Amino acid sequence: MRSRLARISLVAGAAVAMLAGVATPAHAGDNNTGRNVLEYVDVLGMAAGSGSFQHIGDSFTVCKSDRWDVYIEFEYIRINGTLQRGTHKVTGPAPSCATYLHDFGEERFIDMRVCADVDNFWDPCSPWRQGIV
């Protein structure tokens, strides 16, 4: 009985930690900041796709390498202090990529992550990463 309760609490604790990790926003001060950002997302151990931000030209590129659609989520604080959020998605047959252009204010932070759009399931995502525009 004790062993069974320990396993149940371990599973419940892992589920809560996983959900907390998925919901944790990126913030200034992350130690993974760079001008350009590249992230990958896996589904069940298989590479589903990648996403990147290139600071020259302020562009996002999102690529899918498997059956799941892949998208980038980003957050950017404008010079007036308001938050701009967005999503860019690539669909269609794999492999395929799409590039999305922006015009962000220079020398500001942008947070992004890449996720796989898994049908009828939670969407696995890479960790939030921070780039510099």
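These figures come from a predicted structure and were not determined experimentally.
The CD atom of Gln130 sits 11.0 Å away from the CH2 atom of Trp128 when rounded to the nearest 0.5 Å. Once rounded to the nearest 0.5 Å, the distance linking OG of Ser59 with CZ of Phe53 reads 7.0 Å. Atom-to-atom distance recorded for Tyr40:OH and Ser50:OG is 5.5 Å, nearest 0.5 angstrom. Distance check, rounded to the nearest 0.5 Å: SG of Cys115 to CG of Asp69 gives 12.5 Å. Between the CZ atom of Phe60 and the OG atom of Ser52 there is a distance of 9.0 Å, given to the nearest 0.5 Å. Note: Glu73 CD to Asp123 CG = 8.5 Å, rounded to the nearest 0.5 Å.
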Side-chain atoms of residues 83-90: list all donor-acceptor pairs with protein atoms under 3.5 Å, sequence neighbours left out, distances to 0.1 Å.
unit_1	atom_1	unit_2	atom_2	d
Arg85	NE	Glu75	OE2	3.2
His88	NE2	His102	NE2	2.7
Lys89	NZ	Asp117	OD2	2.6

Asp111 vs Tyr76, test: side-chain hydrogen bond (donor to acceptor under 3.5 Å, both in side chains). Steps then yes/no. CA-CA 7 Å; Asp111 298 320; Tyr76 168 79; over 6 Å; no

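Phe104 has its side chain within reach of Phe74: a pair of non-hydrogen atoms, C-beta onward, lies under 4.5 Å apart. The side-chain heavy atoms of Pro127 and Arg113, taken from C-beta on, include no pair separated by under 4.5 Å.
Of all the heavy atoms in Gly131 and Val37, the pair that sits closest is CA-CG2, 3.5 Å. What you find for Pro124 and Val118 is that their closest heavy atoms are CD-CG2, 3.5 Å. Ser65 and Ala47 get closest at one heavy-atom pair: OG-O, 3.1 Å.
Applying the 4.5 Å side-chain rule to ILVMFWY residues, one finds that Ile56 remains a lone member of its cluster. Using a 4.5 Å cut-off between side-chain heavy atoms of Ile, Leu, Val, Met, Phe, Trp and Tyr, Ile79 forms no hydrophobic cluster with any other residue.
Put simply, Leu38 and Ile132 are part of two different groups of oily side chains (I, L, V, M, F, W, Y) that touch within less than 4.5 Å, one to the next. Cluster membership check: Ile77 does not share its hydrophobic cluster with Phe109, using side-chain heavy-atom separations under 4.5 Å among Ile, Leu, Val, Met, Phe, Trp and Tyr. Using a 4.5 Å cut-off between side-chain heavy atoms of Ile, Leu, Val, Met, Phe, Trp and Tyr, with links allowed through other members, Tyr71 and Ile110 fall into different hydrophobic clusters.
Within the structure, every pair that satisfies the disulfide (SG to SG under 2.5 Å) test and touches residues 52-112, not counting sequence neighbours, is listed here: Cys63-Cys97.
Between the side chain of Ser126 and the backbone N or O of Val114, at least one donor-acceptor pair lies under 3.5 Å.
Taking the salt bridge (Lys or Arg N to Asp or Glu O under 4.0 Å) definition, one finds that Glu107 meets it with Arg35, sequence neighbours left out. For Asp66, the salt bridge (Lys or Arg N to Asp or Glu O under 4.0 Å) criterion is met by no residue, not counting sequence neighbours. Asn36 pairs by the side-chain contact (heavy atoms from CB on, under 4.5 Å) definition with Gln54, His55, not counting sequence neighbours. Scanning for side-chain contact (heavy atoms from CB on, under 4.5 Å) contacts around Ala94 gives Lys64, with sequence neighbours left out. Judged as a side-chain hydrogen bond (donor to acceptor under 3.5 Å, both in side chains), and not counting sequence neighbours, Arg108 has no contacts. Evaluation of the side-chain contact (heavy atoms from CB on, under 4.5 Å) rule for Asp103 yields Asp58 as partners, not counting sequence neighbours. By the side-chain hydrogen bond (donor to acceptor under 3.5 Å, both in side chains) test, Thr61 is found to be paired with Thr99, residues two or more places apart in sequence or in another chain being considered.
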